Student: 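One structure follows; several queries about it will come next.
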Amino acid sequence: MSAADTLLDAVCSITPVARDADGPVFREPWEAEAFAMAVALNEAGLFTWSEWAEALSQEIRRAQAAGDPDLGDSYYHHWLAALERLVAEKGVAAPEALAERCAAWDRAARATPHGRPILLENDPLAPA
Amino acid sequence: MHEHSHGHHHDDRDHDHEGSELSPMALRVRALESILVEKGYVDPAALDVLIDTYETKIGPRNGARVVAKAWVDEEYRALLRTDATAAIHSLGFTGRQGEHMVAVENTAEEHNLVVCTLCSCYPWPVLGLPPVWYKSAPYRSRAVIDPRGVLADFGITLPAATRIRVWDSTAETRYLVIPMRPAGTEGWDEEALARLVTRDSMIGTGLARTPEEGRA
């Protein structure tokens, strides 16, 4: 057996491809929303689909380098990261603005009684 | 923290009956969406329509109709081989990620397998959104270096003489595999045939169902 064959065997024995039935398309609502935002922004002309594929594959490589086993279940994490980066690169929303808005949503959620719709206005620090 | 909580009732984080909680991913999505809506880049109602379309209206049944028609209609099959984009559009399946389609046909001599090694480009208009395994690193890397092993994972063993050809999708070009028509389906109509065409058979990780499997 050649060294290449041995390597191939090693790689292949570790990571079998997991099969599935026709499962749900999105596992959580945020995945669907992130998906739809990318499609809508492409339609709006903010970026081309080639730019999108490039940004997404970069995020996937980055996550793999950081230790993500990348089994497909983290796919929409990569998707959202690519989206945030493109939106920043195109000057639509800087990372700081996104982080600030994240914090506002978090405060709004915590201030919203369980079971009630979470609205940004519920943020106790929101300007009146 | 616990031993102090009796003195700090008003910010006791262990009690969540007071407020709601969003996951970090949900927070990031809400943050981005609310900014995009404010700036007029997206319309929440349009996002809902997109989600509904991809969840319920677009799926592998579209591709199955394309394949079934190619099996019974020689002229359509020829068009599919020469201009898959036009052939697919002619059945009403249009939209993103289907702008430039190429159909590759399985034969006894050659089996086709589709992958996207870079990300997960996939022909949405005919197959819907990709399954989890299609997006996984093991599939993306192994489909290229060990396609026969990948097929074995899917329970498919091809004759040793059958060549396997792997097609790597790009942002511009998407592939649809036309599986071999199962034996024992002579005289079947398109609708009956379409029921034998699985999603995996159009990616190349499966074969079309046999009439016996179709009845099960």
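All values reported here derive from a predicted model rather than from experimental measurement. Keep in mind that the numbers below use all heavy atoms, side chains included, and drop hydrogens, waters and symmetry copies. All chains are named by letter (A, B, ...) in the order of the sequence lines, taking the proteins before the strands, and each is independently numbered beginning at 1.
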Student: Between Asp70(A) and Arg140(B), does any side-chain N to carboxylate O distance fall below 4.0 Å?
Tutor: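 Here Asp70(A) pairs with Arg140(B) in a salt bridge, since their nearest N and O are under 4.0 Å apart.
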Student: Under 4.5 Å from any heavy atom of chain B, what part of Gln64(A) do you find: side chain, backbone, both or neither?
Tutor: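 The side chain, not the backbone.
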Student: Which atoms of Ile35(B) are under 4.5 Å from chain A, going by heavy atoms: the side chain, the backbone, both sets, or neither?
Tutor: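 Both backbone and side chain.
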Student: Heavy-atom distances under 4.5 Å only: say whether Ile60(A) touches chain B with side chain, backbone, both or neither.
Tutor: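 The side chain, not the backbone.
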Student: Using the side chain to side chain contact (heavy atoms under 4.5 Å, CB included) rule, take Leu27(B) and Trp30(A) through it: C-alpha gap first, then chi angles, then the decisive distance, then the call.
Tutor: CA-CA 9 Å; Leu27(B) 284 173; Trp30(A) 71 262; over 6 Å; no
Student: Apply side chain to side chain contact (heavy atoms under 4.5 Å, CB included) to residues Trp124(B) and Val39(A) and explain how you reach the verdict.
Tutor: CA-CA 12 Å; Trp124(B) 297 353; Val39(A) 172; 3.8 Å; yes
Student: To check you understand the geometry: which heavy-atom pair defines the closest contact between Ala137(B) and Pro69(A), and what is its length?
Tutor: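 Closest approach of Ala137(B) to Pro69(A): CB-O, 4.0 Å.
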Student: Between Ser20(B) and Arg110(A), is there a donor-acceptor pair closer than 3.5 Å when you use the side chain of the first and the backbone of the second?
Tutor: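 Such a contact is absent between Ser20(B) side chain and Arg110(A) backbone.
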Student: Less than 4.5 Å to any heavy atom of chain B: does that hold for the side chain of Val87(A), its backbone, both, or neither?
Tutor: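 Interface part for Val87(A): side chain.
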Student: Is the backbone of Val92(A) close enough, under 3.5 Å, to the side chain of Lys39(B) for a donor and an acceptor to pair up by distance?
Tutor: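 The answer is yes, because a donor-acceptor pair under 3.5 Å joins these two groups.
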Student: With rounding to the nearest 0.5 Å, note down the distance linking CZ in Arg28(B) to CG in Leu83(A).
Tutor: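 Reported value, rounded in 0.5 Å steps: 10.0 Å.
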Student: Within the 4.5 Å heavy-atom criterion, are Val42(B) and Leu41(A) side-chain neighbours or not?
Tutor: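 With C-beta onward as the side chain, the pair touches.
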Student: Working to the nearest 0.5 angstrom, can you tell me the gap between Lys90(A) NZ and Tyr41(B) OH?
Tutor: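 Separation between the atoms: 10.5 Å.
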Student: Taking the side chain as every heavy atom from C-beta outward, state whether Leu32(B) and Leu80(A) have any pair of such atoms under 4.5 Å apart.
Tutor: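 Leu32(B) vs Leu80(A): side chains touch.
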Student: How long is the straight-line distance from CD1 of Ile51(B) back to CE of Met37(A), given to the nearest 0.5 Å?
Tutor: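 It is 8.5 Å, given to the nearest 0.5 Å.
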Student: Could you pull out the closest heavy-atom pair between Cys102(A) and Ala31(B), with the gap in Å?
Tutor: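 Taking every non-hydrogen atom into account, N-CB, 3.6 Å.
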Student: Taking side chain as everything from C-beta outward and backbone as N, CA, C, O, which of these in Ala81(A) sits under 4.5 Å from a heavy atom of chain B? Side chain, backbone, both or neither.
Tutor: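 Backbone plus side chain of Ala81(A), per the 4.5 Å heavy-atom cut-off to chain B.
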Student: Could you tell me the separation between the CH2 atom of Trp79(A) and the CE atom of Met25(B), rounded to the nearest 0.5 Å?
Tutor: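 These two atoms lie 13.0 Å from each other.
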Student: Side chain, backbone, both or neither: which part of Ala44(A) has a non-hydrogen atom closer than 4.5 Å to chain B?
Tutor: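 The side chain, not the backbone.
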Student: Report which part of Pro29(A) has an atom under 4.5 Å of a heavy atom belonging to chain B: side chain, backbone, both, or neither.
Tutor: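 No part of it gets close to chain B.
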Student: Given heavy-atom pairs under 4.5 angstrom as the criterion, report whether the side chain, backbone, both or neither of Tyr134(B) touches chain A.
Tutor: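 Looking at Tyr134(B), nothing touches chain A.
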Student: Mark yes or no for whether Trp105(A), through its side chain, and Arg30(B), through its backbone, hold a donor-acceptor pair below 3.5 Å.
Tutor: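 At least one qualifying donor-acceptor pair exists.
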Student: Under 4.5 Å from any heavy atom of chain B, what part of His78(A) do you find: side chain, backbone, both or neither?
Tutor: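 Neither part; nothing is under 4.5 Å.
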Student: Under 3.5 Å, is there a donor on one side chain and an acceptor on the other for Arg101(A) and Ser34(B)?
Tutor: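 Yes.
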Student: Tell me whether the count of non-hydrogen atoms from other residues, nucleotides or ligands lying under 6.0 Å of CD in Glu28(A) goes above 12.
Tutor: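 Count over threshold, so yes.
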Student: Tell me, out of Glu100(A), Glu43(A), Gln58(A), who's got the most heavy-atom pairs with chain B below 4.5 Å.
Tutor: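 Result: the option with the highest number of such pairs is Glu43(A).
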Student: Evaluate Tyr75(A) against Trp133(B) for ring-ring contact (aromatic ring centres under 6.0 Å, His included), listing each step before the verdict.
Tutor: CA-CA 10 Å; Tyr75(A) 178 69; Trp133(B) 55 259; over 10 Å; no
Student: Any side-chain heavy atom of Leu118(B) within less than 4.5 Å of one from Arg61(A)?
Tutor: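 They are in contact (side-chain heavy atoms under 4.5 Å apart), so the answer is yes.
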